[in-house]
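These notes are about the structure you will find just below.
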Amino acid sequence: MSKSMARSWDWDSLDCRAQLDEIFFRQHDYIQAGSLEHKEFWSFFDRFQRFKTKKDMSAHLGVPQEYDARYRINVSVCTRDVEERLGKSEHKSTRRSSGPGSQEISDCRLALLHFLDFSQRQSFAKLAKLRREQKNLPIFQYRDRIVELVRHYPVVVVAGDTGCGKSTQVPQYLLSAGFSHIACTQPRRIACISLAKRVSYESLNQFGSKVGHQIRFETTRTTATKLLFLTEGLLLRQIQQDRMLAQYQVAIVDEVHERHLHCDFLLGVLRSLMSERPDLRLILMSATINIKLFSDYFSGAPVLQVPGRLFPIQVIYQPIPPEEQPSRSEKLDPRPYLRVLQGIDQRYPPEERGDLLLFLSGVAEISTIQEACQIYATHTRRWIILPLHSTLSLAQQDKVFDIAPPGVRKCIISTNIAETSVTIDGVRFVVDSGKVKEMSFDPKAKMQRLQEFWISRASSEQRKGRAGRTGPGVCYRLYAESDYNAFAPYPVPEIHRVALDSLILQMKSMGLGDPLSFVFIDPPPAASIQTAVMYLKEQGALDSHGELTSIGSLLAQLPVDVVIGKMLVLGSLFKLVEPVLTVAAALSVQSPFLRSAQHNPDCGTARQPLHSNQGDPFTLLNTFNAWVEIKGERGGGSRKWCRRRGIEEQRLYEMVNLRRQFKDLLRSHGLLESEYSDSSDGDRGKRRERLTERKKLHQLKRDHEQQGGTRRKVLKLDEGQDGEFSSGSDTEKPGRHKKDKEESEQNVDIQEVKFKLRHNMSELQEAVGVSQDLSSRQQALLKLLLCRGLYPQLALPDEHNSTRKDSEQVFHTRNKQGVVIHPTSVFASDPEVLHVRDSSRHQLLAFVTLLETNKPYLTNCVRVPALQTLLLVANSVDSNADCTRLVVDGWLELELREPEEALRALSTALTLRAEWERLLMAQLGNKTLGGAAEQGASRKVLEKLSEGLVRSLLYTEISYSLRRLAAFQTQNLYIGPQPESELSHIQAPDLKALYPGAEAKPDPIKGGLRVTSFFTYNCLADSKDLYSECLRTFWSCPNCDLYMPLTPLERMQHEGSCRPAGEQQAEQEGKKAGSSSASSLSRVYHCDVCNEDLTLTSTEILKHKRHS
DNA sequence: GAGCACTGC
C-alpha cells in the first residue's frame, strides 16, 4: 500500500491488527475488540481497501480520500490519545521498527469513519422501512383513537385478530403519548422476551433500556424501564407483594381470550383494584371473540375492534367416512390423512413452496399417522415428516423450524402446541382433525383426567389461521361443516377444569375474602371451590373458619403446588433441605427423562445406575446429583452424558434455578439459616479466576445475542425417519458424520453459558454434595417427609399382586380402586419390591399424581413402611380397646398380633408426632431464628426427634396385617355417639400437657375417647370380647420403678410423661402422670330395643346389641 | 405398557 510499508507492516497479519485494536477498540470505545461489530469492521476494512485500490486505478467514485467531518457521525473516534499517537508517530516514524505508523493509523481511522457512516446509513434505511411497515399495520389507523380512549376511560378493550399488530404497537402508542410505567402481560415467557426485543428494536432503542421484559428467572428490567413485558403469573406475584400495584400506571393484559387460569384470576384481582386505584389504566387485548364478556365484566368498557391481516384461506371440509372412523381403543386410520398429502401432490407443483401442519390430539395419534406418512414420504421423496409435541427433546422440536430442500415439503404432525405456543412460518396447508385432549379434574376421586374432545369453533379458526401467515393457504377439516357448527363456540376456560387449591390459597393470602363470593369473569363451579377449601383445611393451610394459618401463609408464598410446598417446609425443619430442594424442583419441572429414549436399550443401560427402587423422586435425586458431579468434573461433557442417557439437560438447568429460588424463599421466611458470608469462598486468586471466567462468559452471551440465535438448517430428506435414540444414533459413526458431531460439540452451548453466569458451580456442588450419599437413616427420614407432604395421596398394593404379571399390578387409593402404576415409574419395571414378604413389612405407595388416560395411572411414587408411616402422617387413627386393631382414615385396617407391640408403637408415634408438631409450630411462629444458643438447643431436640422417628419407629419390626375395609365394613365401624350430658361422670384424663391439641374427650361422633386431634381410642366396634377389667395388665415402666396393672391408655399416658432421667431435665414442662385415669371405660348407653339407659363398656354394648 | 398445553417476586 504506502511505500513506507517496507517496515514489515502487514495489514493481513493478526499481530498488526491487534496493535490497531489496542488503539481503536478498547474497553471503553464505541466498538470493542471481540464484539460482532468489531468483526464486521475488519471485514468492511478489507472490502474498503480493495475498493480504494480499485478506485486508485480507475476514476473517482465517490469515496473521499479524507473523511469529511460534516457527515452524520456523532461518535468521536478521534480521542485525544489517538491524536497524540498520530502526532508522535509523524515525528518519530523513521525510528520505529514495528507497530503502526501514522499512515496506518490514519488509514484505519478513515476506514472506521466510513464504516460508522455506512452502518448508520444502513440503519436509517432500516428505520424508514420499519416506519413504513408500522404505518401499514391495520391498527395504525386507530392509533389516536386508542390513546384518546385510554385517556378517558379506566378500562379499554382492544380486539383484533392475528396480524393486526396490537401487541407490538399499542404499548408504543401509549409510550409516545406520554404514559409510562406500563406493564404488559403475556401468557407465555417466550412472548415476553420476543415482544420486548421487537418493541425495543422498532423504537430503535429510542427508549433505550426503557423497554424490558421480566419472567421468572430472567429480567432486563432497570429503574429506567417504562414498558415491561411480563408473564401473567409474575404480575400476580407482584400484586401479592404490592397490593395497590403502585409500581404501574398502566396495565395491559394481552391474549385475554385464551382464558388461562392466571389470566382469569388476574382480571378479577385488577377489577377489584380499580376502585382503589382510579388512576390506573387497564387495557385488555383479545382476539375478536367473546368481546362482550370482557367489556361487560368491566361495566361496559369501550371496545375498539381492529381488523386482522391474514392472507385468504380456503376451507375444505373432508369428513372421515364411517368405515375409516376409529372405534374406541383402536388406532387411528391413516387413510384420510394420506389422501390429503396425495391431493396436495396432485394439485400443487412441487416447486410451489408451502409446508403442511397437521393437528392431532396426542402423542400416540401422532406416532400412528407419522408412521403411515413416512412410508408415503419415503416412496414419493416429496415430504419430510416431522412430529411436534412437548415431550419431544428440545432439539427435535427445533427441527420444525429448519427448511426443507427444494421440491420437498415439511409435514409437521403436531398437538395443539402449534396452535398458540409454537409459530411456524411457511405453512400453507393445515389439516385439522378437530380433536384435542383436555385435562379435567374429578374432585370425588381426586384424580386428573385427560380426555379427547371435539375442539371449539374458536380453536378451529385458530388452527385454520396457521395456514395464512405468510401467504394464501388451504385448510382441510376432517369433519363436516355441520360438525363445525355444532362445536362449542369457545374452549372451556381453564378455571372450570382444574383443581383450584393453589388459586384459593393465593386468594386467601391476598385477602380477597370469601372465594365463593369473589366476582370472577366466569365463576368456577362452587363445588370446585369448596373442594379446594376442604383440601386446604385438611392440609392445615386454613383453619376451621377458613382463615389462613401460619403454614398456609408460608405455602402461599412458595411458587409450587401445596404438596411440594409442604415437603420444602418439612425438609428445612429436619435439616434435609438439600435433597428436598432437589426433589421439589424435580417434581415441578417436566421429567428430564425423554420418552423417546425409553425404547433404546443403550439409554436404559446407561440410566440403570441412576435408578432407585425406593421410588421415582429418589431416581430424580440420583440423576441430579450425578449430573452436578459430571458438570463439575468435565463441564461441557455433561451434554454428552445427558444424551447418552436420554436426558433433557434443559430440565436440569431449570431445576438448578428452581432450587435456588426455593432456597432463597425458605431463607427469607426464616426457615433456613442465612448463608455464611462470602469470605469462606476460597482465596483471592480463586475469586479473581471466577471473575475472569465471568467476563468471558458475558462476552460469549453477547456474541450469541448479536448473532440473533441460530441459523436455520436445511433438512435432509431422511430426516425424522427414525427418532434420535433408535438404531443407535448415539454410537459414533466414522467419516464426515463424526466430524459434524465434534464441531457441534464445540459450539457454544448458550444454555450452559447462561447457567454458569447465574450459578456458582462449586457452591452448588458443595451444597449437593451433602445429599449425595444419604445414609439409610436419612433416606428413611426423607421418605417420611415426602410422604407427609404427599399425604393423603397414598395407594395400597392389592393383596393378590404377587400372583399377577408385572404389568397387571393393581393398587387402590381411598377414593379410587384399581389404579395402576405408570410405565415410566421405577416400580413398573420392578414391582417385586412392593410385594409383601413378611408380615412386618407391608408397604404403601405415596404418589404425586393420579392421572386417568386409558387407565388411572399413578406417577412419581415412593414406597413407605405402612404402619409406621400411617401413625405419623394420617389424619385419623382409631383404635379398639387394646390397640391391636387400628383403622386409618376410615379406609385402612391394621391388625397387630401383639398387644404389647401395638401399644408401644402407638405410644411412640403419639409422642414423636407431638414433638414434631411442636417444633414445626415453633419454627413457623418464630420468623427470625433465635440466637445461636437457641438454635443449638433446637438442633439437639431435632436430632433427638429424627433419631426417634427412625430408630424407635421406622426401623421397628412389628407383625401386622393390612387391608382396606370393604364398603359394608365402613358402615358399622364405630361404637357411635353418646349424649354428652350422660357422660359427665366419666373422668377424662388430662392429656393436654402430653400431646398438644390433646382433648381426651368422648368423641361425639365415633364414640370412645378422642386423645389427640388425630387419635381416637377405643371407638371401634371391636369384635373381640373384652371387658374393661381385662384391659388392665401388669406393666413395668422401663424408665421408672412403676409396676402396676394399667389400662392401655394409662400406659400411654405414663410413657408420654415418664422419660429417661436424662430427658426429664430437658423437659421442664411440669407434667405429672395422670392422677385420674380413664379406668371407667364404661358409659351410659341408650338401647333403642330395650328403651333403657345402661352403663356398659364398649364391648358390653356390642354384646348387648347382638343379644337384644 | 404409554401423557394436551401453559405458568410462578
Item checked: Gap between atoms CD1 and P, on A:I455 and B:dC4 respectively (whole Å) -> 16 Å
Next item on the list: Give the nucleotide from the list B:dT7, B:dG3, B:dA5 with an atom nearest to the side chain of A:H389.
Entry: B:dA5
Checklist line | Length of the line joining A:K435:NZ and B:dC4:P, which is rounded to integer Å | finding: 14 Å
Margin query: For A:H812, is the NE2 atom crowded, meaning more than 12 foreign heavy atoms sit under 6.0 Å from it?
Written below: yes
Margin query: Using a heavy-atom cut-off of 4.0 Å across all strands, would you classify A:S588 as base, sugar-phosphate, or nothing?
Written below: nothing
Item checked: Distance test, side-chain N/O of A:R189 to OP1/OP2 of B:dG8, below 4.0 Å -> yes
Checklist line | Separation of atom CG in A:D561 from atom C1' in B:dC6, rounded to whole Å | finding: 14 Å
Check: Can you tell which of B:dG3, B:dC4, B:dG8 lies closest to the side chain of A:L234?
Finding: B:dG8
Notebook entry, point to check: Checking all strands, does A:D242 fall into the base, sugar-phosphate, or nothing category for heavy-atom contacts under 4.0 angstrom?
Noted result: nothing
Item checked: Closest to the A:L851 side chain, choosing from B:dA2, B:dG3, B:dG8 -> B:dG3
Notebook entry, point to check: Is it true that A:E365 and A:K331 make a salt bridge, defined as a side-chain N closer than 4.0 Å to a carboxylate O?
Noted result: no
Next item on the list: Take atom CE of A:M439 and atom P of B:dT7, then tell me their distance rounded to the nearest Å.
Entry: 15 Å
Notebook entry, point to check: Does A:T231 make a side-chain N or O approach to OP1 or OP2 of B:dT7 shorter than 4.0 Å?
Noted result: no
Next item on the list: Report the nucleotide, chosen from B:dA2, B:dC4, B:dT7, that has the shortest atom-to-atom distance to any side-chain atom of A:H262.
Entry: B:dT7
Check: Base, sugar-phosphate, or nothing: which does A:I417 touch, judged by heavy atoms less than 4.0 Å apart?
Finding: sugar-phosphate
Check: Is a salt bridge present between A:D264 and A:R259, judged by a nitrogen-to-oxygen distance below 4.0 Å?
Finding: yes
Margin query: Just to be sure I understand the rule, does A:Q557 reach a base, reach only the sugar-phosphate, or reach nothing, if contact means heavy atoms closer than 4.0 Å?
Written below: base
Notebook entry, point to check: Quick one: on DNA chain B, does A:P559 or A:V422 contact a more 5' nucleotide (nearest heavy atom)?
Noted result: A:V422
Next item on the list: Specify the separation, in whole Å, of atom CD of A:Q397 and atom P of B:dA5.
Entry: 8 Å
Margin query: Considering every strand and a 4.0 Å limit on heavy-atom distances, what is the contact class for A:V820: base, sugar-phosphate, or nothing?
Written below: nothing
Next item on the list: Round to the nearest Å and state the distance from A:E452 atom CD to B:dA5 atom P.
Entry: 14 Å
Check: Does A:H213 offer a backbone N or O that forms a donor-acceptor pair with the side chain of A:T219 under 3.5 Å?
Finding: yes
Next item on the list: Return yes if a side-chain donor-acceptor contact under 3.5 Å exists between A:S572 and A:R667, otherwise no.
Entry: no
Check: Checking all strands, does A:V436 fall into the base, sugar-phosphate, or nothing category for heavy-atom contacts under 4.0 angstrom?
Finding: nothing
Margin query: So, OP1 or OP2 of B:dA2: does either fall under 4.0 Å of a side-chain N or O from A:T824?
Written below: no
Margin query: From C-beta outward on A:T415, which listed nucleotide comes closest to its side chain: B:dC4, B:dC6, B:dA2?
Written below: B:dC4
Item checked: Phosphate contact (B:dC6 OP1 or OP2) by A:N416 side-chain N/O below 4.0 Å -> no
Checklist line | Interatomic distance, A:F441 CZ vs B:dC4 C1' [rounded to whole Å] | finding: 18 Å
Notebook entry, point to check: Starting at CD of A:E654 and ending at C1' of B:dG8, how long is that distance when rounded to a whole Å?
Noted result: 13 Å
Notebook entry, point to check: Which part of the nucleic acid does A:R216 contact within heavy-atom distance under 4.0 Å: base, sugar-phosphate only, or nothing?
Noted result: base
Margin query: For a quick check under 3.5 Å, do A:T231 and A:R216 share a side-chain donor-acceptor pair by atom type?
Written below: no
Next item on the list: Name the closest nucleotide to the A:Y857 side chain, picking from B:dC4, B:dG8, B:dA2.
Entry: B:dA2
